[in-house]
Amino acid sequence: MSLRHLTSLQKDAIKEVSNIGAAHAATVLHQLLGEKVSMTVPEVSVVALSDICDVLGQPEDPMIGVYLRVFGDAPSKNLYLFPREEALFLAGLLLAEEDRQDNEDTLGELEVSALKEIGNILTGAYVYAFSSFTGLNMLSSVPALTFDMVGAILNTVLVDLGATDDYALLIETKLTACEVNITGHFFLVPDPGTLPIILDALGVKGQWPNTSGSECPK
Amino acid sequence: MAEHIRVGMSEIAVSRTPDVLVAIGLGSCVGVCFYDPQIKCGGMAHVMLPNSVQIVGAGAEITKPGKFVDTALPELLRRMIQMGALASRLEVKIVGGAQMFNFNGENDRMQIGPRNVEATEQILAKMNLKLTGKNTGGNRGRSVRFDLATGIVTVKMLNSPDFII
């Protein structure tokens, strides 16, 4: 059975639980920044792996990606993507002016650290809400950060989904902060084998077969 | 008129001069390029994972041979031969296999990028194909343009000059 066979009820259930998670994350970001934060309703999409690098506009555009893994009952991946300028603005809100070190080609150590921390806090909030709602035990890893072509970031994060399917399930939320419009893209991607566990916890598993993700590479 | 053919993740494409095969945003994936200079025909596979047997089990149905190194390379060769290429004439170049995210303390052995490169080199050796050029590893994403008129493979990385192999 492939992801293409997800029913609209199942997609709605995933959307709803993601919405709760993202709302928590947005609240936390608001508290952290002291700025207005808004979010879109999560979009659940099933994308062919061969088309993955095009999901966010031009695949060669540089973006900053903060990546965390979620362990526990429902192993998943969390990925935050920000255009460079917006990421630096966001990091700047957490740093004193004299501490900023970025230049054209590289990010300063403190900016990297601030952005990772934002990823950490957002994922923590998201996972906490997701976990309380579903009763699934979830824990997040430390964050990793890269600044590169958006296509290559998506490609790397999603590569192991190929083990079980030709499609990827993406849950995408856009968070917009401040009047100046910092737009970040937040993706939650269940690992191979995780989706039936989430659907089961939400009570909409239906005909989805039990598959184990234990053989897939990390 | 030269056509640019996009080779997405898990896809395999073959064509002839003057077309250009393009893989954009290779992270841990590997782009494998085969070229027969005599008939100016080439093919590219955009592989994702090292080994189909370890991952989906032996004998399991594989819907997209282009996903795995061990299934993609024989399929790419088969399609090249269909186009009239000879295995003995092939130039083989590989690009990609980066480790883009570095988690503190994580074992490098687990990383898919370097494992893809290793598997590609092993399978090429098994198929008696000689590697004529490579640009692999590191921690940066790459885009590849493979010009079938000349066999030149151009690698593009963010904030770096283009690199030719």
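Not measured: the values here are computed from a predicted model. Chain letters run A, B, ... following the sequence lines, proteins first, then strands; residues in each count from 1.
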Original post:
Which distance, rounded to the nearest 0.5 Å, do you find between the CG of A/D148 and the CE of B/M157?
Top reply: 9.0 Å

Subject >> Spatial distance of atom CG (B/N102) from atom OH (A/Y67) [nearest 0.5 Å] >> reply: 13.0 Å

Original post:
Which bit of A/V150 comes within less than 4.5 Å of chain B, counting heavy atoms only: side chain, backbone, both or neither?
Top reply: neither

**OP:** Please look at A/L145 and chain B and tell me whether the side chain, the backbone, both or neither of the residue comes under 4.5 angstrom of a heavy atom of that chain.
**Re:** backbone

**OP:** State, to 0.1 Å, how close A/E60 and B/S143 come at their nearest heavy-atom pair, and which atoms those are.
**Re:** OE2-OG, 2.6 Å

Subject >> For A/S50 against B/K64, the heavy-atom pair lying closest together >> reply: OG-NZ, 4.0 Å

Subject >> Close side-chain approach of B/F101 and A/L68, heavy atoms under 4.5 Å >> reply: no

**OP:** Check each of A/L49, A/L158, A/N155, A/D160 against B/M48 using the side chain to side chain contact (heavy atoms under 4.5 Å, CB included) test, and report the only one that passes.
**Re:** A/L49

Original post:
When only pairs under 4.5 Å are counted, which of A/G151, A/A152, A/C53, A/P59 shares the most heavy-atom pairs with chain B?
Top reply: A/A152

**OP:** Heavy atoms only, distances under 4.5 angstrom: which of A/D51, A/D54, A/L154 has the most pairs with chain B? Name it, please.
**Re:** A/D54

Original post:
Looking only at heavy atoms, which of residues 65-74 of chain B get nearer than 4.5 Å to chain A?
Top reply: B/K67, B/F68

Original post:
Mind checking which of residues 3-32 of chain B sit less than 4.5 Å from chain A, heavy atom to heavy atom?
Top reply: B/R6, B/G8, B/M9, B/S10, B/E11, B/I24, B/G25, B/L26, B/G27, B/S28, B/C29

Subject >> Segment of B/N139 engaging chain A (4.5 angstrom heavy-atom cut-off) >> reply: backbone

